[in-house]
Amino acid sequence: MGAITVDVRAKSFAWNEARCVGCGLCVLACHARQALAMSPVPDYRLPYRSWFSLLVRGVPNMLGTAWRVWGRRA
Ligand code: SF4
């Protein structure tokens, strides 16, 4: 994601929070040296609590998008 920039000469790195998606791959990649660690975000809420709520919120948007795309087809 380009969230971590490493300066080899200065032996430092910078982390850009806006680009980080929280996948944790950087922690896995540096696991042997434990250079990085992740901590839970206390007030984080999952976007959807169940498959049902995903369907209830997502299907109307998908149908609306499909309708608009259908209307613009050549
Ligand atoms: S958590 Fe994922 S996106 Fe964020 S810095 Fe690590 S590898 Fe990059």
Side-chain angles (χ1 to χ4, degrees):
M1 306 310 290
I4 296 177
T5 308
V6 177
D7 186 341
V8 177
R9 288 186 181 175
K11 296 183 179 179
S12 65
F13 73 94
W15 175 65
N16 184 341
E17 183 178 3
R19 296 192 64 94
C20 179
V21 296
C23 66
L25 292 177
C26 54
V27 176
L28 291 175
C30 292
H31 179 70
R33 296 184 180 181
Q34 296 184 343
L36 301 168
M38 295 184 85
S39 57
V41 177
D43 56 347
Y44 176 76
R45 283 184 49 217
L46 288 171
Y48 302 107
R49 295 192 180 274
S50 68
W51 283 104
F52 180 74
S53 65
L54 172 64
L55 289 174
V56 167
R57 291 187 191 183
V59 167
N61 290 333
M62 289 189 309
L63 291 176
T65 302
W67 182 257
R68 284 191 298 275
V69 170
W70 181 265
R72 291 182 191 162
R73 66 188 160 87

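Numbering of ligands and ligand atoms starts at 1, following listing order. Quick note: numbers below take in every heavy atom, side chains included, and nothing from hydrogens, waters or symmetry partners.
- Between the CG atom of Leu55 and the CE atom of Met62 there is a distance of 7.0 Å, given to the nearest 0.5 Å.
- Checking side-chain atoms of Arg73 against main-chain N and O of Trp70 turns up a donor-acceptor pair under 3.5 Å.
- Taken to the nearest 0.5 Å, the CG atom of Leu36 stands 5.0 Å off from the SG atom of Cys26.
- Annotation: the span from Asp7 atom CG to Phe13 atom CZ amounts to 12.0 Å, rounded to 0.5 Å.
- Between Met1 and Arg19, the closest heavy-atom pair is O-NE, 2.7 Å.
- To the nearest 0.5 angstrom, Cys30 atom SG is 7.0 Å from Ile4 atom CD1.
- Legend: protein N/O/S atoms lying under 2.8 Å from atom 6 (Fe) of ligand 1, waters omitted, number 1.
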